[in-house]
Each structure stands twice: as structure tokens, then as C-alpha cells.
Amino acid sequence: MINPDVQQTINLFNIPEPIAAIAQKVVAGERISTEEGLALYEKADLSLLGTLASVVRERLNGNDAYFNKNFHIEPTNICIYRCKFCSYSRKVNEDGSWESCLDEIAATAQSYKGKDVTEVHIVGGVHPQRDLYYYADMVRRVRTELPDIHIKAFSAVEIEYMFKKTGVTANKGFEILKEAGLNSIPGGGAEIFDETLRAEICPDKVGSEGWLAIHEAAHQSGILSNATMLYGHIETYAHRIDHMNRLRKLQDKTKGFNCFIPLKYRKANNPMSDIGEVSVIEDLRNYAVSRIFLDNFPHLKAYWPMSGKEIAQLALSFGVDDLDGTIDDTTKIYTMAGAEEQKPSLTTAELSNLIRQAKRTPVERDSWYRKVRLY
Ligand code: V47
Ligand code: SF4
């Protein structure tokens, strides 16, 4: 049964079929098909998309807009792969490469002792000489320094390589990482699942089936994860829908994804620069269609160090209920790719103001999306 006020709003938009029928399905809480998702991308008006995405986000998360207090560790930018969109990776000994040893990583973790943070996000390049036991030691060192912190570490790309190099199954590998103190894995490396596009932009790293298999194994081991989608490069809307459809199917099976994070392609200093970047309108349309299509993902995250603070704030009216990054986000993968936020940092007060200005309710969460504090 459609709420009559919402129905009236839909009528006011004077929307043509078949978009009106899709809008009614969304308002009624029904799942939309891949064809309907595509039609929204291609034909729906921006303000209608915002309204529908807000209906879905409010059904799932009310008016709350979450953030958590986290910091990042990037152990190295040395990477065996050369994704065409990446501005960050370097070969061993190449100019601009860096690598932190375990003592340095432990010292970084120690510097957050007693500080008001609940999560550390560890992600970097795929170093040719590092295996699973090295990464398990890294997690153990961080865990020793910060016994209560949530450790979200290693993209499926890093994980696939470390398991393969060490010769362990995914189940065994996750058992070792979990025992060392790993709590969840981030959503990186998904890029765009279509195999033809992957062959074009990131030919040598784990394929889409492999990425999904790593996340499925993580979920089976009790390790939750996130999922990303790199958009705004050479993909079409059909590729985006295909990507999200594969995620939606896996989520139906495991329910192990916490959130979906669309990542806008940034053009500086990488071999794909000539294709440019998509507009803010495209960003907002993409957030909205993601929110509507991925009806089984509890959260939609805007990663403001990448998108910029203003777009992240606008995104709160297009389905987003989670803004990532508070303290001291020194993630280089975006600053090197040209994100506006060259020294990303927001205090809790700034972040909650930004949320309040968008007429949402700021809520500090932990890594399981339990409410820690209202601001
Ligand atoms: O996988 C690389 C992307 C990802 C560029 O799970 C680029 O909470 C845009 O996954 N333009 C890594 N994007 C970051 C990531 C992430 C970030 C924040 C939160 C979480 C989470 C995960 O960055 C890579 C790739 O898709 N990326 N280069 C670029 N030029
Ligand atoms: Fe390596 Fe990740 Fe950069 Fe690809 S995106 S080259 S896997 S660091």
C-alpha cells in the first residue's frame, strides 16, 4: 500500500511511464529489476531520484547519518599490479615508493593509544615479498597496541595474493587473520565487475569472480565486509547495474556486507587522465540509483576525502546515510589521484555540523553500526 502523500508527490512530478511504475515499486518497498535500475539511470529526473533514494534510506536508517572515528594505515604503495586508474602504486625502489616496517606500523598504532578512535583501516599496495604470515603479524602488532580497536584491513586484492603466495585456502587464511585480530575487510579492489572492462583497466589482479569469492569466504568466516564500485571512467550504466546486481545476489546469500561505497574515478597522475571526470549531478544520480537498487545493503557510504565534503553533504539527500572519515585521514590513494581534499581532516564538530546543515541527525557509530553517541 503506497502512502498517499508519497503517491501525491510522485503525481506532482508528472513522471512518464515506465518511471512512474518503478517509483511506485520503490515506494511500496518492492525490489526493482536490472532493467528498471537501468531505466532509472537513463531516464529518471534528479529530484525524483533523490526522493526515492530518501524513501529507501529513511526506511532503513531513519534520519540518522552515521560517522565513525577512524584512522588509516597504508603500509606500502609498492604494488605488483598497474591498474590504469591508479596514481599511487610504484615498483620496488621506484621513485615515490614507500614501505613502513612492522615497528613503524606498531608505532603509528601506538600513537593513537588513549585517543578517541574506534577503528583502524589498513590498506595498501600488493607487495611482491609479503605473505599471509607477515600480514597476520602486522594485525597482531596493531592488536597488541590497541586491544579494543576494530581492525578493518586488506582489500580482496591484497588478500587473494597473500593467500595464493602462502598456499592456503581462503577459509584457512581467514582463520589465521581472524586469530591475529582481524575484524572486517574493506571494500576495495572491486572496481567494475564486467570482465571485458576489467581486462582493459586492471587486467592482472584478481577477477570479479575471485573478488566475490574472497568476500563470500570472509562472510562464511564471520568477517563482515564492504563493497565498492569505481565509476565515472569507461563503464556504461549497464556495467554499473551488472556490478551491483552481482553484489545484491551475494548479499542475498550471505548478508555479510555492511555498506556500499561508490568511488568516483579521479583523473590526476594516472594513465587514464584523458577521459576526465564525471559531474556532481552524475555523482548524485549514482548515489541515488545505488541506494534504490541495493535494497539489501543496510548502508550507503560517501567517502568524503575522495568526493569532497560538499558532495558528501549533498549525498545525504540522495540515499547516503554514512560519511566515512573523521580524524586525520591521510589516505594517499586519493590525494595522489587529485581529490580536492589534499589534507583530509574534519573534527567531529565540523562533521556533525555538516550533517545537521543537511537536516540529518549526526550519530557516531562503531564498526558494526551500533550507536555510540548522538551529537
Ligand atoms: O580499490 C584507486 C580506488 C580503492 C583511484 O571499505 C580510485 O570502508 C578513484 O576501497 N580514482 C581503495 N578511485 C579505497 C577503498 C575504500 C575507501 C574508503 C573506505 C573503504 C571501506 C574502502 O580506491 C581502490 C580503487 O577502487 N581508486 N585509484 C582513482 N584514481
Ligand atoms: Fe595496486 Fe590497488 Fe593501485 Fe591496482 S589500485 S595498482 S591493486 S594499489
Original post:
Do K359 and E58 meet the salt-bridge criterion of a basic N to acidic O distance under 4.0 Å?
Top reply: no
Original post:
Any idea how Y112 and F71 line up, ring-wise: parallel (<30°), tilted (30 to 60°), or perpendicular (>60°)?
Top reply: parallel
Original post:
Pick one: which of K205, R240, K84 meets salt bridge (charged side-chain N to carboxylate O under 4.0 Å, His left out) with E191?
Top reply: K205
**OP:** State, with a plain yes or no, whether a side-chain heavy atom of I234 is found less than 4.5 Å away from one of E200.
**Re:** yes
**OP:** Could you go through the side chain to side chain contact (heavy atoms under 4.5 Å, CB included) check for M162 and Y134 one step at a time?
**Re:** CA-CA 9 Å; M162 69 175 90; Y134 175 85; over 6 Å; no
Original post:
Taking it one step at a time, do S225 and H219 satisfy side chain to side chain donor-acceptor pair (under 3.5 Å)?
Top reply: CA-CA 7 Å; S225 70; H219 300 168; 2.7 Å; yes
**OP:** Carefully, step by step, assess L294 and L300 under the rule side chain to side chain contact (heavy atoms under 4.5 Å, CB included).
**Re:** CA-CA 9 Å; L294 289 173; L300 180 66; 5.9 Å; no
Original post:
Hey, what's the ring geometry for F257 with F297, parallel, tilted or perpendicular (30° and 60° as the breaks)?
Top reply: parallel
**OP:** Work out which heavy atom in P271 is nearest to a heavy atom in C86; give both atom names and the distance.
**Re:** CD-O, 4.3 Å
Subject >> NZ/NE/NH1/NH2 to OD/OE distance under 4.0 Å, R246 and D242 >> reply: yes
Original post:
Ion pair present between E195 and R198, side-chain N to carboxylate O less than 4.0 angstrom?
Top reply: no
Subject >> Electrostatic pair K309-E350, nearest N-O below 4.0 angstrom >> reply: no
**OP:** Measure the OH-CD1 distance between Y135 and I122 for me, rounded to the nearest 0.5 Å.
**Re:** 11.0 Å
**OP:** Identify whether V123 and I80 are in the same connected component of the hydrophobic contact network (ILVMFWY, side-chain heavy atoms under 4.5 Å).
**Re:** no
Original post:
Between V117 and N68, is any pair of side-chain heavy atoms under 4.5 Å apart?
Top reply: no
Subject >> N286 and its side-chain hydrogen bond (donor to acceptor under 3.5 Å, both in side chains) partner, picked from Y237, Y231, Y41 >> reply: Y41
Original post:
Do L212 and L197 sit in the same hydrophobic cluster, where Ile, Leu, Val, Met, Phe, Trp and Tyr count as joined when their side-chain heavy atoms come under 4.5 Å apart?
Top reply: yes
**OP:** May I ask whether I192 and L38 are part of the same hydrophobic cluster, defined by side-chain heavy atoms of I, L, V, M, F, W, Y residues being less than 4.5 angstrom apart, directly or through others?
**Re:** yes
Original post:
Under 4.5 Å between side-chain heavy atoms, hopping through other hydrophobics if needed: is there a path connecting V26 to L49?
Top reply: yes
**OP:** Could you grab the distance from atom CG of L263 to atom OH of Y303, nearest 0.5 Å is fine?
**Re:** 9.0 Å
Original post:
Looking only at heavy atoms, which two atoms of Y161 and P128 are closest? And how far apart?
Top reply: OH-O, 3.1 Å
Original post:
If you look at every heavy atom in S155 and P186, which pair is closest and at what distance?
Top reply: N-CG, 4.1 Å
Original post:
Under a 4.0 Å N-O cut-off, is there an ion pair linking E119 with K152?
Top reply: yes
Original post:
Can a salt bridge be assigned to the pair R130 and E158 using a cut-off of 4.0 Å between side-chain N and carboxylate O?
Top reply: no
Subject >> E99 side chain to N77 backbone, donor-acceptor under 3.5 Å >> reply: no
Subject >> Minimum heavy-atom distance between K172 and T169, given as atom pair plus value >> reply: N-OG1, 3.1 Å
Original post:
Does a side-chain heavy-atom distance below 4.5 Å link S307 with D283?
Top reply: no
Original post:
Does a salt bridge link R365 with D64, judged by any charged N lying under 4.0 Å from a carboxylate O?
Top reply: no
Subject >> Working for salt bridge (charged side-chain N to carboxylate O under 4.0 Å, His left out), residues K178 and E175 >> reply: CA-CA 5 Å; K178 209 173 153 179; E175 192 188 309; over 6 Å; no
Original post:
Taking all atoms of both residues into account, what is the closest heavy-atom pair of G189 and T228, and its distance?
Top reply: N-OG1, 4.2 Å
**OP:** Kindly determine whether D324 and N70 satisfy side chain to side chain donor-acceptor pair (under 3.5 Å), including the steps that lead there.
**Re:** CA-CA 8 Å; D324 192 1; N70 59 10; 2.9 Å; yes
Subject >> Trace of the ring-ring contact (aromatic ring centres under 6.0 Å, His included) decision for H299 with Y369 >> reply: CA-CA 9 Å; H299 302 284; Y369 286 84; 3.7 Å; yes
Original post:
With a 4.0 Å cut-off, would you call R140 and D137 a salt bridge?
Top reply: yes
**OP:** Could you tell me which non-hydrogen atom of I105 sits nearest to which non-hydrogen atom of P75, and how far apart they are?
**Re:** CD1-CB, 3.8 Å
**OP:** Find the distance between NE2 (H121) and CZ (F154) and round it off to the nearest 0.5 Å.
**Re:** 10.5 Å
**OP:** Decide yes or no for P298 and Q251: does some side-chain heavy atom of the first lie under 4.5 Å from some side-chain heavy atom of the second?
**Re:** yes
**OP:** Output yes when D103 and R141 qualify as a salt bridge under the 4.0 Å nitrogen-oxygen rule, no when they do not.
**Re:** yes
Original post:
Parallel, tilted or perpendicular: which fits the ring planes of H243 and F260, with parallel below 30° and perpendicular above 60°?
Top reply: tilted
**OP:** Kindly compute the distance separating CD1 (I311) from CD1 (I281), expressed to the nearest 0.5 Å.
**Re:** 11.0 Å
**OP:** Taking only Lys NZ, Arg NE, NH1 and NH2, and the carboxylate oxygens of Asp or Glu, determine whether D321 and R57 approach each other closer than 4.0 Å.
**Re:** no
Subject >> hydrophobic_cluster_shared for L323 and Y66, side chain cutoff 4.5 Å >> reply: no
Original post:
Do the side chains of L46 and F318 get nearer than 4.5 Å, heavy atoms only?
Top reply: yes
Subject >> Salt-bridge present (R31, D295; N to O < 4.0 Å) >> reply: yes
Subject >> Check: Y265 and V278 side chains under 4.5 Å, non-hydrogen atoms >> reply: no
Original post:
What is the distance from atom CD1 of I176 to atom CG of N171, rounded to the nearest 0.5 Å?
Top reply: 11.5 Å
Original post:
Between H215 and W211, how do the two ring planes meet: parallel, tilted or perpendicular, split at 30° and 60°?
Top reply: parallel
